[in-house]
Each structure stands twice: as structure tokens, then as C-alpha cells.
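Computation of the quantities below employed the complete heavy-atom set of this structure, encompassing side-chain atoms and omitting hydrogens, waters and symmetry-equivalent molecules. By convention in this document, chain letters (A, B, ...) are assigned in the order of the sequence lines, proteins followed by strands, and residues within each chain are numbered from 1.
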2 protein chains.
Amino acid sequence: MVTIKDVAKKADVSVATVSRVINGLGGVRPATEERIRKAVEELNYLPNVIARSMVMKRTETIGVIVPDIANPFFPEVIKGIEEQARDSGYTLFLANTDESVEKERQLLHALRERRVDGLIVTTADEQHSPLMDLELGGLPVVLVDRHIQDSPYDSVVIDNVDGAYTAIKHLVTTGHTKIGLIAGPDHVTPGRERTEGYVQALRDFEIPARDQYMKEGDFKEESGYQLGKELLSLSDPPTAIFSANNLMTLGLLTCIRDQGRELGKDIVVVGFDDLDIATFVDPPLTVVSRPMRQMGEIAADMLVERIQGKTFPEPRKVILIPRLIVRSPDRVE
Amino acid sequence: MVTIKDVAKKADVSVATVSRVINGLGGVRPATEERIRKAVEELNYLPNVIARSMVMKRTETIGVIVPDIANPFFPEVIKGIEEQARDSGYTLFLANTDESVEKERQLLHALRERRVDGLIVTTADEQHSPLMDLELGGLPVVLVDRHIQDSPYDSVVIDNVDGAYTAIKHLVTTGHTKIGLIAGPDHVTPGRERTEGYVQALRDFEIPARDQYMKEGDFKEESGYQLGKELLSLSDPPTAIFSANNLMTLGLLTCIRDQGRELGKDIVVVGFDDLDIATFVDPPLTVVSRPMRQMGEIAADMLVERIQGKTFPEPRKVILIPRLIVRSPDRVE
DNA sequence: TTGTACGCGTTATCAC
DNA sequence: GTGATAACGCGTACAA
């Protein structure tokens, strides 16, 4: 490998001078600079960022931990993060936990060993996140999508209660009173809060909540299918179902099809998070949509600020408002 | 930050000894080791991998470059890579080019500066990949999905010709002779070869190829929509269309719906790469499917071997065979 | 304007 | 068994 020393030798100057021009510090005679640039060029010299970060004590690197990179939500968030991060000169370490706390712990370890300057994470389990019992030593962290109660970290989340509430309100407005829920897991806020919005809306509209209409899934496709089946086979089934995330909505739709029910007639579906098939099923699906990319951008911005040493009296919490995309009449017959 | 020195001081030994126990080199008195482990524990010491890699001259880090992380194909591949890489102790730098050669160049630069031990990349442009004109200095590279002609790199790809051929054969077998093609871009093998499979099949089955049935898209949803429209509005439209990737298939299906055509009756669709909606449309879609995860695993394996210094007389090229998933009769009326 | 020399946190090579 | 110490490649006082 060619080092700064080689360049110095070739340009017949000291390493200090080379360093100066590489980092644009100025104070170098134009002729000298010219010689150095030429040497850099000819030797195909590439600064060793590893060595640099040793002395600078920062790696210009950000760790990003998501629970499921195959869920279309996260790639969009990641795009937002990456774009913003790159603008500030950071490169990403991306890692996937598969919703496993254990993997999250291992990844956290690996990233800290690598001395990332900061972390953006969607934890696998808010109650038992390794983020809390690990001694992070002041490493900046920003939470995305899932908030950790009483944590010292900034976070950017969605107003899930509002989103779910709006969805249910829409269903009530279009005439439904028998509304089923395929909920997310209770140990993460997106799960808990969407259920909360559902319950709150029913209460506000004075519709009695029935236990058998509320099923808790795990945000995965299969559970949407299973729970949909349970709901549809009730003796007095709901006329509408609110599904708490994209993957479960997918499963639910498959189930409805398999059961020979007619969407929009036998059963109306509204889902949290938009998906490809939403505009394909007939009638198209009304969904709660949110600014995924923007969530990533904001997270990256907040993290960079923290890395730069900004402090705030309280951890910041940015709450974005989701938007209901009405695609069908969704009326009950 | 607590360093190896702090541990040494606390355990009253030299840094050398601490290093020995951390790396399990043995040759340390059990009592001493015990003291050291305790010190590590109490100080919450985390080895600095950055410093280590300075002397070891390797970072245990792999750069992964994909053109579009939002295309469901890549997250699956990435999962395969990550799993396998982690087993070998590597952590990933993930980056997204958005199909831009310029971004690819920048990312390559950033990753090389960070001294990744190897690279797994799906290039944005096989003809003008920065991989070729950059002086990589022997850095191991494995290509995924898109092959670069005459490059010295290992690659893992799909037999696109076979996949497309099989799809067309299926259509011919089910009675179609008027078969349209929504092709991928010609400057990448997946595009070129799938077209080749289409052409080859038509020839073998003695069906004249018509120019107006062949449209070249860019692998993005919008182009599937546009080209579908063109095909459907021909005076003598095809009875079946083969779409060269998932996103374009998505666009095509939307188009068919918008145009009020009836899938499976007015027009039959077969797509390359499976997608969520494939089982949702009615009738369900027959698709060419491939082992995405496995592609990632193989790529990671090959890269690790290269990093470990294995050499081969020729660059290796692993060609996986795709599988046709027949979901409908697909007969022509 | 430029050069010397030290330090960043580790590992590895010698001595002891 | 254990300890000094020289690298690794770079940034930066400080000196010249």
C-alpha cells in the first residue's frame, strides 16, 4: 500500500506538508502543492481513513440497526438516512436483527468495537433493548419508529395513535360498527399505540369494543393470515378489519381471497402502511401512509447534531403525523 | 475511552499480557488471566478494532454496493450476504447507488478509503463500471447478478437466458404465439440475456419475432406501465407478455387494470422474479423465481475465500438456475 | 512555508 | 510467563 510517506518522498517534502494539502489546510506554497498533487496522482495514493480516525478519534461512520430489511418500510428509511448521512461525510454500517434481541446485542457490540460515531436503531424489543443495559459511554443514539420508554435517546416516530384513530374513524364514518383489529405486538410502541388508537376511536364513537374482534399478531405476514381467518370465522364476523402493518395486511388479504370472501363487499380492509398490492386489489385499499424517507432523514440529521456535540435539556422526540389515503368508498352494504 | 493500557495498569501487568488473554493466545498464568478478565469486566473495556486493524492490516469489513435497496430482490440477497459474512467475523458497509455510475464511483472510493477487505457489488452499468478503470490494487471483488465482461472478478449470477426461455416455452406450450416482451436495459446482462432467452425460444418454436412486440424498459415500475400500454394498444396486440423484472411486472399489471383488460383472458402475463402481488391478481401470476438468499450466501463465501488468499486460474462464475413457478393455466382462449 | 517528533490503541518480536 | 518496544499510517504541536 502506498502511504503518505511515499507521497512525501516522491514530492520531496515532509509528510506534514502532504497532510496539509490533502486536508486543504492551506499555508503551502502553490508550487509545492502542485508537486504533491502530482505525486498523489501518480502513486494513486488513497488516504488511510483507518489511520486517520486513530488520531482524530472519530470514524465518520454511523451504525444502523433495523429489525427486518425485507420489510419495505426499512429500505425507504435507510435511503433517507444514507443520503443525509453521506452529505455530512458519514458512511453507514447496516445491520439486520431479524427481530432478535440477541442479534441486536451482538450487532451493537460489533459496531461499538468498530467505534462508530453514532447509532440509529429500531430496536427489536423496547422493554429489553440492549441499548438500555449496555454501557454506551455517551455514544449518540437516535431511535427510529420504536421508542424506548425513559431512554436518554432522541427519537423520530409516527403518531400511531392518530393514524389508527383516523383509520377507524374513516370506517365508522363509512358505516361500519363491527370493526376487527389485527394488532401488532404489545412490546413495541407501533403495536401498542395502534391498538390504542383503535380502542380510543371506538370509545369516542360509542361503539362497544368486543374482545373477540381484537387479535394480536407479530407484524409478520403469516399472523395476518391466521388472525384474519379467526376473525372471518366468527359467528358474527366484523364487516371491516384494521390491520396494524403492511406485512399482516398482506397476509390478511391472502386469507380473504383463500376464504372466498369478497373484498369491499363481505369485508372491508384498512391497513397501516402502504403496500404495492393496495392499488391492485379490487377495490383498492385505503391505507395509513407515512413519510418513511423523511423519518430517515430526520434521524440522520438529529444524530449528526448529537455527534457534533449539541446537547438538549431533554431527549428530543420528533413525532410525524401519518396520512390516510382513501382509495375506496369502503361503505358497508 | 478505556484502553488496553488502563486494563494493564489495573491488573498490574503489561499490555502485552492483556493482549494475549484478549486474543486467547495462551501462555498466561491462570491467576494472571483471572485478574485481567476482572479488570476488563470492571472497566467495561472494549477492544478498539480500529487500532487493531492498523497493525493487522485488515478491517474484517466488507463493502456491499447495490443499485436499489428498495427493490425486494436486494434485501434478500443482502440477508444472505450478511448472515454468511457474520459467521466469518465480517461486518458490512452497505451502500446504494440508485443505478448511478457516479454514485457507484464515490461509494467505491469511500469504501476503499475505509480499507474494506473486500467488495460485493451489483454494478450500475456493466459497460462503464468504475470497477474496471479504478486501480483496485488487488482488492477482492465478487459480482452479484450483473456480470462484467472480461473482468477479473468472481461472480454469482442467474441463467437469465434459461429463465426467459423457460417462461416463453411455457407460454408457447399453453397455446400462445403472439408474445410480447418488456425487456430490461441492454447495458446489463440481466436485461440483455432475458431478451436473448425470449428471442431464442421464439426461434426454436418457429414463431416469427415481431419488432413491435419487443419494448425495452429500464427495470423500473413506470416503464412497465408505459410499455405495457404501448403493447396493448397495438392493432394486433400480443395475447401474452413476458416482463423482464419484478418492478416492471408491477407496472404492467397496473396498466392492464387501468386499461380495463382482463388478466388471464385478454392478456396473460409471466414475469421474471416473484413478487407479492403475484398470488393476488386473478388468476395468480406465473413467474420465474430465483434463490436470492442463496446468491448472497454464495457471493459472501466466494469473497471470504478470496480474502483468505485463495486463488484460481480463472475468475469463478457461479450460474444458478431459476425456476418457473406455474400458478395458472395461462391458456389462450 | 516547511520539517521533526510525538501520540492514537493495538499486535508482535524479542528479551528476560 | 511476562514485559519493553517497535511498528501500523496519519494529524498536529512546535520548532526552525
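For the contact set between residues 26-37 of chain B and DNA chain D, defined by any heavy atom under 4.0 Å, the members are B:G27, B:V28, B:R29, B:T32.
Distance CD (B:E60) to C1' (C:dT11): 13 Å, rounded to an integer number of Å. Look at CG on B:D6: it is 13 Å from C1' on C:dT10, rounded to the nearest Å.
For the pair A:D117 and A:R306, the salt-bridge criterion is not met [side-chain N within less than 4.0 Å of a carboxylate O]. The existence of a salt bridge linking B:E126 and B:R192 is confirmed by a sub-4.0 Å separation between a basic side-chain nitrogen and an acidic carboxylate oxygen.
Considering B:V141, B:V144, B:T97 as possible partners of B:V121, the one that fulfils the side chain to side chain contact (heavy atoms under 4.5 Å, CB included) test is B:V141. For the side chain to side chain contact (heavy atoms under 4.5 Å, CB included) test with B:P67, the passing option among B:D145, B:N96, B:T123, B:T122 is B:T122; the others fail.
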Which pairs of donor and acceptor atoms, one on a side chain in residues 49-57 of chain B, lie under 3.5 Å apart (sequence neighbours left out)?
residue: B:S53; atom: OG; partner: B:V49; partner atom: O; Å: 3.1
residue: B:S53; atom: OG; partner: B:I50; partner atom: O; Å: 2.8

Treating primed atoms plus P, OP1 and OP2 as sugar-phosphate and everything else as base, which nucleotides of nucleotides 5-16 of chain D get B, S or - for protein heavy atoms under 4.0 Å?
---BBBSB----
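Distance check, rounded to the nearest 0.5 Å: NZ of B:K317 to OG of B:S151 gives 9.0 Å. To the nearest 0.5 Å, atom CD1 of residue B:I158 and atom OG1 of residue B:T189 are 11.0 Å apart.
Contact of the A:R293 side chain with the A:E83 side chain is registered, since non-hydrogen atoms from C-beta on lie closer than 4.5 Å.
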